[in-house]
Q: 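Have a look at the structure that comes next, please.
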Amino acid sequence: MSTQNRKLSALVITYNEIGYIEKCIASVSFADEIIVVDSYSTDGTYEYLLNHPKVKVIQHPFKNFTVQKSFTLEQATNDWVLFLDADEVVTPELQQEIKQTIESDKNHSAYWFYRKFMFQQQNLRFSGWQTDKNYRLFRKSKVNFSTKRIVHETLDIKGTSGVLKNKLTHYCYKDYEMYKRKILLYGRLKAKEAFNKNKRFNFFLFVLKPTWKFFHNYILRLGFLDGKKGMIICSLDALCDVERSRELQRLEREEQWSTVFKTTP
């Protein structure tokens with residue numbers, strides 16, 4: 001593999017990530033380029049990135065996660081891409097494994113990363129997150145972000161996938177209100193995704209899905225072993241399904257009213 005083909009682009013999308021983004025950027029300083037696409041942050045994130053000597057920052061309006069990440073991927077000048085969320089940190093062990101993976105010239109087009117979840121400064125060991133994994137390292141020439149998803153986006157991959165053994169550290173929970181806002185946003189985007197697939201509000205699912213999600217994560221996935229933090233995370237994750245149903249109902253009513261006004265002479 002040529003030296004050029006071994007180069008790595010680190011990509012991140014941000015919106016109001018002060019307190020997280022500093023650790024994230026420091027952890028990818030080994031990359032050959034660092035590109036951050038910011039959705040017009042108001043907390044100093046953009047200014048911090050603008051003044052960082054190793055970062056190229058671009059402001060771009062946020063429509064949904066798939067659109068934003070697809071735009072960000074287009075900015076990379078190298079084929080190998082490490083794509084992180086702003087609250088994720090690459091450990092020294094994972095840094096070394098990433099570099100060795102690129103150097104080894106394996107045939108995989110993309111690699112899964114398992115994640116270690118942090119609740120503030122404590123490890124969240126259970127609560128449904130213990131088997132979570134995402135694509136984070138891949139070849140730009142071999143992947144596209146799937147247009148079927150607009151939240152919890154995934155890749156369409158030409159070729160095979162591998163798994164790295166070292167975990168990515170994910171600082172998922174800073175405080176209650178911040179995590180709640182994130183969960184509500186995810187719920188609304190999931191509703192839009194479902195609405196675009198012609199799914200409609202169902203009262204039975206509105207009641208059942210959040211209840212089942214909490215039971216599944218807190219009891220079956222051993223969230224109770226995480227103590228108070230497990231209760232908080234499992235409750236808020238169930239709230240995502242509540243918000244999805246509420247937003248789906250709102251979109252349905254909006255469509256109905258739009259139809260009425262169009263047919264009114």
Q: If we only count heavy atoms from C-beta on, is the Leu73 to Phe145 side-chain gap below 4.5 Å?
A: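 The answer is yes; the side chains approach within 4.5 Å.
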Q: Calculate, to the nearest 0.5 Å, the distance between atoms NZ and CD belonging to Lys229 and Gln120 respectively.
A: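 Nearest 0.5 Å value for the NZ-CD distance: 10.0 Å.
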Q: Is it possible for you to say whether Phe62 and Tyr186 belong to one hydrophobic cluster, with membership spreading through side-chain heavy-atom contacts below 4.5 Å?
A: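 Yes.
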Q: Under 4.0 Å between a Lys/Arg side-chain N and an Asp/Glu carboxylate O for Asp175 and Lys180?
A: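 Lys180 and Asp175: not salt-bridged.
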Q: Check whether Arg149 reaches the backbone of His152 with its side chain - one donor and one acceptor, N or O, closer than 3.5 Å.
A: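 Present.
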Q: Looking at Thr91 and Leu94, would you say the former's side chain and the latter's main chain have a donor-acceptor pair under 3.5 Å?
A: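 Flag set: sc Thr91 to bb Leu94 pair under 3.5 Å.
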Q: Which atom pair, heavy atoms only, marks the closest approach of Phe71 to Gln75?
A: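 Scanning both residues completely, I find the closest heavy atoms to be O-NE2, 2.8 Å.
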Q: Measure the shortest side-chain to side-chain distance between Val90 and Leu82 over non-hydrogen atoms and say whether it is less than 4.5 angstrom.
A: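 Sidechains of Leu82 and Val90: in contact.
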Q: Any side-chain to backbone donor/acceptor pair from Asp132 onto Arg115? Under 3.5 Å, distance only.
A: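 No, the answer is negative, given that no donor and acceptor are paired below the 3.5 Å cut-off.
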Q: Measure up the Phe206 and Phe203 rings against each other and bin them: parallel (under 30°), tilted (30 to 60°), perpendicular (over 60°).
A: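 Phe206 and Phe203: tilted rings.
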Q: Please determine whether side chain to side chain contact (heavy atoms under 4.5 Å, CB included) holds for the pair Leu168 and Leu84, giving the CA-CA distance in whole Å, both sets of side-chain angles, and the decisive distance to 0.1 Å.
A: CA-CA 9 Å; Leu168 188 67; Leu84 299 184; 3.9 Å; yes
Q: Using side-chain heavy atoms (C-beta onward) and a distance below 4.5 Å, is Met231 in contact with Tyr218?
A: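 Counting from C-beta outward, Met231 and Tyr218 do come under 4.5 Å.
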Q: When you compare the side chain of Ile102 with that of Leu8, does any pair of heavy atoms fall below 4.5 Å?
A: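 In short, these two side chains touch, coming nearer than 4.5 Å.
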Q: What are the two closest non-hydrogen atoms of Pro210 and Val242, and how far apart are they?
A: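 Closest approach of Pro210 to Val242: CG-CG2, 3.5 Å.
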Q: First locate atom CD1 of Ile18, then atom OG1 of Thr45, and finally report the distance between them rounded to the nearest 0.5 Å.
A: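 It comes to 4.0 Å.
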Q: Students often mix this up, so state it plainly: with edges at 30° and 60°, are the rings of Phe215 and Trp212 parallel, tilted or perpendicular?
A: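 Because their plane-to-plane angle lies in the 30° to 60° range, the rings of Phe215 and Trp212 count as tilted.
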Q: Are there over 12 heavy-atom neighbours, none belonging to Lys182, within less than 6.0 Å of that residue's NZ?
A: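 Buried by this count: over 12 neighbours within 6.0 Å.
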Q: Which atom names give the shortest non-hydrogen contact between Gly223 and Cys234, and what distance separates them?
A: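 Taking Gly223 first and Cys234 second, the nearest heavy atoms are CA-SG, 4.4 Å.
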Q: Are the charged groups of Lys116 and Glu88 less than 4.0 angstrom apart, N to O?
A: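 Answer for the salt bridge query: no.
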Q: Please assess Arg221 against Thr131 for the test side chain to side chain contact (heavy atoms under 4.5 Å, CB included), listing each intermediate value before the final yes or no.
A: CA-CA 10 Å; Arg221 301 301 304 279; Thr131 55; 3.0 Å; yes
Q: Salt bridge between Lys99 and Glu103, side-chain N to carboxylate O under 4.0 Å?
A: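 No, no charged N to carboxylate O under 4.0 Å.
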Q: Say you draw a straight line from SG of Cys240 to NZ of Lys190; how long is it, rounded to the nearest 0.5 Å?
A: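 Output value for this atom pair is 4.0 Å.
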Q: Can you confirm whether Trp80 sits close enough to Ser9 that some side-chain heavy atom of one is under 4.5 Å from a side-chain heavy atom of the other?
A: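 Trp80 vs Ser9: side chains apart.
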Q: If you measure from the Lys or Arg side-chain nitrogens to the Asp or Glu carboxylate oxygens, is any gap between Glu247 and Arg188 under 4.0 Å?
A: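 Here Glu247 does not pair with Arg188 in a salt bridge, since their nearest N and O are not under 4.0 Å apart.
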Q: Measure from the side-chain N and O atoms of Gln130 to the backbone N and O of Gly128, and report whether any donor-acceptor pair falls under 3.5 Å.
A: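 Yes; judged by distance alone, with no hydrogens or angles, the pair exists.
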Q: Stepwise, does the side chain to side chain contact (heavy atoms under 4.5 Å, CB included) test hold for Phe83 with Ile13?
A: CA-CA 9 Å; Phe83 210 132; Ile13 64 172; 4.2 Å; yes
Q: Answer whether the closest heavy-atom distance between the side chains of Val151 and Glu193 falls below 4.5 Å.
A: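 Yes. Closest side-chain heavy atoms under 4.5 Å.
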Q: I need the minimum non-hydrogen distance between Ala110 and Ile157, along with the two atoms involved.
A: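 Scanning both residues completely, I find the closest heavy atoms to be CB-CD1, 3.8 Å.
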Q: If we count only N and O atoms by modelled type, under 3.5 Å, do the side chains of Ser161 and Tyr135 hold a donor and an acceptor together?
A: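 Present: a donor and an acceptor within the cut-off.
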Q: Is there a path of hydrophobic side-chain contacts, each under 4.5 Å between heavy atoms of I/L/V/M/F/W/Y residues, joining Ile232 to Phe214?
A: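 Looking at the clustering, Ile232 is in a separate group from Phe214.
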Q: With distance as the sole test, does Asp156 use its side chain to make a donor-acceptor pair with the main-chain N or O of Asn144 at under 3.5 Å?
A: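 Answer holds: no.
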Q: Please determine, by modelled atom types, if Ser127 and Asp226 share a side-chain donor-acceptor pair under 3.5 angstrom.
A: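 Their side chains do contain a donor-acceptor pair, which is all the 3.5 Å distance test asks for.
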Q: Give me the atom names and distance for the closest heavy-atom approach of Ile150 to Leu189.
A: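 Looking at all heavy atoms of both residues, the closest pair is CD1-O, 3.3 Å.
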Q: Compare all side-chain heavy atoms of Asn134 with those of Phe113 and state whether any distance is below 4.5 angstrom.
A: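 No, too far: nothing below the 4.5 Å cut-off.
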Q: Please say whether more than 12 non-hydrogen atoms of neighbouring residues, nucleotides or ligands are located less than 6.0 Å from NZ in Lys133.
A: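 More than 12 heavy atoms, drawn from other residues, nucleotides or ligands, come within 6.0 Å of this atom.
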Q: Between Ser39 (side chain only) and Tyr15 (backbone N and O only), is there a donor and an acceptor less than 3.5 Å apart?
A: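 Answer holds: no.
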Q: With a 4.0 Å cut-off, would you call Lys140 and Asp79 a salt bridge?
A: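 Salt bridge absent between Lys140 and Asp79.
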Q: Under 4.0 Å between a side-chain nitrogen and a carboxylate oxygen: does that hold for Glu97 and Lys165?
A: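 Looking at Glu97 and Lys165, the cut-off is not met.
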Q: How about Gln249 and Glu254: do any of their side-chain heavy atoms sit closer than 4.5 Å?
A: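 Sidechains of Glu254 and Gln249: no contact.
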Q: Going by ring-ring contact (aromatic ring centres under 6.0 Å, His included), Phe117 matches just one of Tyr173, Tyr171, Tyr179, Trp129. Which one?
A: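 Of the listed residues Tyr173, Tyr171, Tyr179, Trp129, the ring-ring contact (aromatic ring centres under 6.0 Å, His included) partner of Phe117 is Trp129.
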Q: When hydrophobic residues are tied together by side-chain contacts of less than 4.5 Å, even through go-betweens, does Met178 share a cluster with Val89?
A: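 They do share one cluster, since a chain of ILVMFWY contacts under 4.5 Å joins Met178 to Val89.
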Q: Rounded to the nearest 0.5 Å, what's the gap from NZ on Lys197 to NZ on Lys192? Could you check?
A: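 Going from NZ on Lys197 over to NZ on Lys192, the span is 14.0 Å.
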Q: Could you pull out all donor-acceptor pairs under 3.5 Å where a side-chain atom in residues 49-61 meets a protein atom, sequence neighbours excluded?
A:
residue, atom, partner, partner atom, Å
Asn51, ND2, Glu47, O, 2.9
His52, ND1, Lys54, N, 3.1
Gln59, NE2, Asp38, OD2, 3.3
His60, ND1, Gln68, OE1, 2.9

Q: Which Ile, Leu, Val, Met, Phe, Trp or Tyr residues join Leu205 in one cluster when any pair of side-chain heavy atoms under 4.5 Å counts as a link?
A: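 When side chains under 4.5 Å apart are linked, the cluster holding Leu205 also contains Phe204, Leu208.
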Q: In terms of hydrophobic clusters joined by side-chain contacts under 4.5 Å, are Leu164 and Tyr114 together?
A: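 Hydrophobic grouping puts Leu164 apart from Tyr114.
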Q: Test your reading of the model: is there a side-chain donor-acceptor pair from Asp87 to the backbone of Tyr20, 3.5 Å cut-off?
A: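 No, because the side chain of Asp87 does not come within donor-acceptor range (under 3.5 Å) of the backbone of Tyr20.
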Q: Verify, without hydrogens or angle tests, whether Glu33 (side chain) and Ala76 (backbone) share a donor-acceptor contact under 3.5 angstrom.
A: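 No: the side chain of Glu33 does not pair with the backbone of Ala76.
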Q: Using a 3.5 Å distance criterion without hydrogens, assess whether the side chain of Glu22 forms a donor-acceptor pair with backbone atoms of Gly19.
A: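 Indeed, once roles are kept as given, a pair shorter than 3.5 Å links the two residues.
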Q: Under the 3.5 angstrom rule, does the side chain of Glu252 hit a backbone N or O of Phe201 as a donor-acceptor pair?
A: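 Between the backbone of Phe201 and the side chain of Glu252 there is a qualifying donor-acceptor contact (under 3.5 Å).
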Q: To the nearest 0.5 Å, tell me how far Lys209 NZ sits from Asp241 CG.
A: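 That separation rounds to 5.0 Å.
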Q: As a quick check of understanding, evaluate side chain to side chain contact (heavy atoms under 4.5 Å, CB included) for Val37 and Thr14, giving each step before the final call.
A: CA-CA 6 Å; Val37 173; Thr14 58; over 6 Å; no
Q: Mind listing the closest non-hydrogen atom pair of Ser29 and Ile34 along with its distance?
A: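 What the structure gives for the nearest pair is CA-CD1, 4.2 Å.
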Q: Do you see a donor-acceptor pair shorter than 3.5 Å between the side chains of His170 and Asp85?
A: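 There is no such pair between these side chains.
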Q: Hey, any chance Tyr111 and Phe138 share a hydrophobic cluster, counting ILVMFWY side chains that come within less than 4.5 Å of each other, even indirectly?
A: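 Tyr111 and Phe138: separate clusters.
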Q: Decide yes or no on salt bridge (charged side-chain N to carboxylate O under 4.0 Å, His left out) for Glu255 and Arg200, but give the supporting numbers first.
A: CA-CA 11 Å; Glu255 181 186 55; Arg200 293 298 182 261; 3.2 Å; yes
Q: Which other residues belong to the hydrophobic cluster containing Leu251, where Ile, Leu, Val, Met, Phe, Trp and Tyr are joined when side-chain heavy atoms lie under 4.5 Å apart, directly or via other members?
A: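 Its cluster partners, ordered by chain and number, are Phe195, Leu248.
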